[in-house]
Amino acid sequence: MSIKNKVVLVTGGSSGIGAATVELLAENGAIVIAAARRTDKLETVVSTLRQKGYTADYKQLDVTDFEQMQDTVQEITKAYGRIDVIVNNAGVMPLSKLEALKIDEWNRMIDVNIKGVLHGIGAALPLMKEQHNGHIINIASIGAYEVTPTAAVYCATKYAVRAITEGLRQEATHNIRSTLISPGVTESELADHITDKQASEAMIEYRRQALPASAIAQAILYAISQPAEIDVSELIVRPSLSS
Ligand code: NDP
């Protein structure tokens with residue numbers, strides 16, 4: 001099944017898994033719009049693809065702002081006639097123990113990881129209903145299945161993303177598919193923003209064996225590539241166990 005000319009919005013498209021997904025989907029013929037806050041990074045991702053003859057564009061977007069998300073999705077629909085897929089990928093992971101009381105970081109994780117995903121769904125769903133098809137892909141984590149020390153709030157946000165995606169699947173109408181992709185440790189900038197010294201140091205060993213971001217992009221491509229009657233509900237992708 002080809003993804004040629006499918007119109008795909010990838011949030012968090014400026015680095016890591018999002019950037020790898022933008023690249024892989026564009027290389028496979030999709031019309032890809034990368035969205036995030038850092039336009040210099042988005043520009044680099046998109047211009048490299050354009051130079052190779054692929055179709056890609058970018059939008060500045062803060063997923064915590066529902067109006068911005070709505071405007072982005074509406075602009076894409078106006079420009080390309082529809083929106084086939086939204087990949088709600090933007091996320092942050094400033095880990096720390098609960099007792100550190102990093103309230104601002106808790107709130108940021110809730111705002112980006114949960115509300116950001118809900119905003120993507122809220123913006124895309126009405127348009128997908130109108131066009132009688134669509135695909136909503138949410139990026140969770142192995143932290144959506146197990147909790148580890150320093151990751152209580154991060155995991156809580158990813159459990160929430162899993163619950164939201166399952167709810168979406170159960171309520172599906174208008175040929176709208178939903179997919180949860182849960183990466184294990186993957187090379188990206190995700191751990192670079194941890195401010196807690198202990199949590200940051202612990203991550204160095206924990207993240208030593210990591211998947212390339214392209215492995216998660218491949219999982220996303222697989223879900224999108226399926227024929228309309230096949231809904232890939234959930235994929236977990238981890239580094240292989242090694243001794
Ligand atoms: P990165 O830090 O490389 O990418 C995160 C992306 O999210 C960036 O493009 C960033 O762009 C964007 N982002 C952050 N805040 C906002 C915001 N408010 N509005 C819009 N975009 C935002 O990490 P990953 O690629 O690893 O993360 C992608 C997803 O994968 C996340 O949801 C993460 O939780 C999940 N994940 C990652 C794992 C890993 O080991 N890497 C494992 C499991 C899950 P910008 O700063 O330009 O806005």
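Remark: the backbone N or O of Val232 is not paired with any side-chain donor or acceptor of Arg177 at under 3.5 angstrom. A donor-acceptor contact shorter than 3.5 Å is absent between the side chain of Asn133 and the backbone of Ile176. One N or O on the side chain of Asn89 and one on the backbone of Gly12 form a donor-acceptor pair closer than 3.5 Å. For the pair Asp84 (side chain) and Val7 (backbone), a donor-acceptor distance under 3.5 Å is present. Although no hydrogens or angles enter the test, the distance criterion places no donor-acceptor pair under 3.5 Å between the side chain of Glu189 and the main chain of Gly16.
Both Ile86 and Val161 belong to a single network of hydrophobic side chains, linked directly or stepwise wherever heavy atoms of I, L, V, M, F, W or Y lie under 4.5 Å apart. Grouping the Ile, Leu, Val, Met, Phe, Trp and Tyr side chains by contacts below 4.5 angstrom, directly or via other members, places Leu211 apart from Ile204. The hydrophobic cluster containing Leu221 also contains Ile139, counting ILVMFWY residues as joined when their side-chain heavy atoms lie under 4.5 angstrom apart, directly or transitively. When the side chains of ILVMFWY residues are joined at heavy-atom separations under 4.5 Å, either directly or via intervening members, Ile76 and Val87 end up in two distinct hydrophobic clusters. Val73 and Leu118 fall within the same hydrophobic cluster, defined by Ile, Leu, Val, Met, Phe, Trp and Tyr side-chain heavy atoms under 4.5 Å apart, directly or through other members.
Residues Leu125 and Ile136 meet the side-chain proximity criterion, which asks for heavy atoms closer than 4.5 Å. At least one side-chain heavy atom of Leu190 sits less than 4.5 Å from a side-chain heavy atom of Tyr154. Residues Lys115 and Thr64 fail the side-chain proximity criterion, which asks for heavy atoms closer than 4.5 Å. In this structure the side chain of Met69 reaches within 4.5 angstrom of the side chain of Val63, judged on heavy atoms. By the 4.5 Å heavy-atom criterion applied to side chains, Val185 and Gln209 are not counted as neighbours.
In this structure, Thr72 OG1 and Ile33 CD1 are separated by 10.0 Å, a value rounded to the nearest 0.5 Å. The distance from the OG1 atom of Thr195 to the NZ atom of Lys102 is 3.5 Å, given to the nearest 0.5 Å. Taken to the nearest 0.5 Å, the OG1 atom of Thr48 stands 7.5 Å off from the CD atom of Glu23. Atom CZ of residue Arg37 and atom CG of residue Asp62 lie 6.0 Å apart, to the nearest 0.5 angstrom. To the nearest 0.5 Å, atom CG of residue Asn5 and atom OH of residue Tyr80 are 11.5 Å apart. Rounding to the nearest 0.5 angstrom, the gap separating the NZ atom in Lys158 from the CG atom in Asn113 is 4.5 Å.
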Stepwise, does the side chain to side chain contact (heavy atoms under 4.5 Å, CB included) test hold for Leu42 with Val22? CA-CA 10 Å; Leu42 292 169; Val22 170; over 6 Å; no
Go through the steps for Arg38 and Ser15 under the test side chain to side chain contact (heavy atoms under 4.5 Å, CB included), then give the verdict. CA-CA 9 Å; Arg38 291 170 296 171; Ser15 64; 3.4 Å; yes
Report the C-alpha separation of Leu127 and Gln74 in whole Å, then their side-chain angles, then the decisive distance to 0.1 Å, and conclude whether the side chain to side chain contact (heavy atoms under 4.5 Å, CB included) test is met. CA-CA 8 Å; Leu127 296 163; Gln74 282 168 4; 4.3 Å; yes
Applying side chain to side chain contact (heavy atoms under 4.5 Å, CB included), run through His193 and Val92 and close with a yes or a no. CA-CA 8 Å; His193 310 291; Val92 291; 6.0 Å; no
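Partners of Tyr222 under the ring-ring contact (aromatic ring centres under 6.0 Å, His included) rule, at least two apart in sequence or in another chain, do not exist in this structure.
Salt bridge status for Lys78 with Glu75: absent, with no side-chain N to carboxylate O gap under 4.0 Å. Look at Arg169 and Glu234 and you find no salt bridge, because none of the NZ, NE, NH1 or NH2 atoms lies under 4.0 Å from a carboxylate O. Under a 4.0 Å N-O distance rule, the pair Glu166/Arg162 does not qualify as a salt bridge.
Listed here is the closest heavy atom pair of Cys155 and Thr148: SG-N, 4.2 Å. Smallest separation of non-hydrogen atoms from Ile17 and Thr186: CG1-CG2, 3.9 Å. In this structure, Pro183 and Ile216 approach most closely via the heavy-atom pair CB-CD1, 3.5 Å. For Val117 against Asn88, the heavy-atom pair with the smallest separation is O-ND2, 3.8 Å. Here the shortest heavy-atom pairing between Asp196 and Ser96 reads CB-CB, 3.7 Å. Thr179 and His135 get closest at one heavy-atom pair: OG1-NE2, 2.8 Å.
Within 6.0 Å of NZ on Lys6 lie more than 12 heavy atoms contributed by other residues, nucleotides or ligands. The neighbour count for Phe66 CZ, taken as heavy atoms of other residues, nucleotides or ligands under 6.0 Å away, is above 12. In this structure, Glu67 places its CD atom where only 12 or fewer heavy-atom neighbours from other residues, nucleotides or ligands lie under 6.0 Å away.
Partner of Asn28 under the side chain to side chain contact (heavy atoms under 4.5 Å, CB included) criterion, chosen from Val32, Leu24, Leu25: Leu24.
No side-chain donor-acceptor contact under 3.5 Å links Tyr54 and Glu27.
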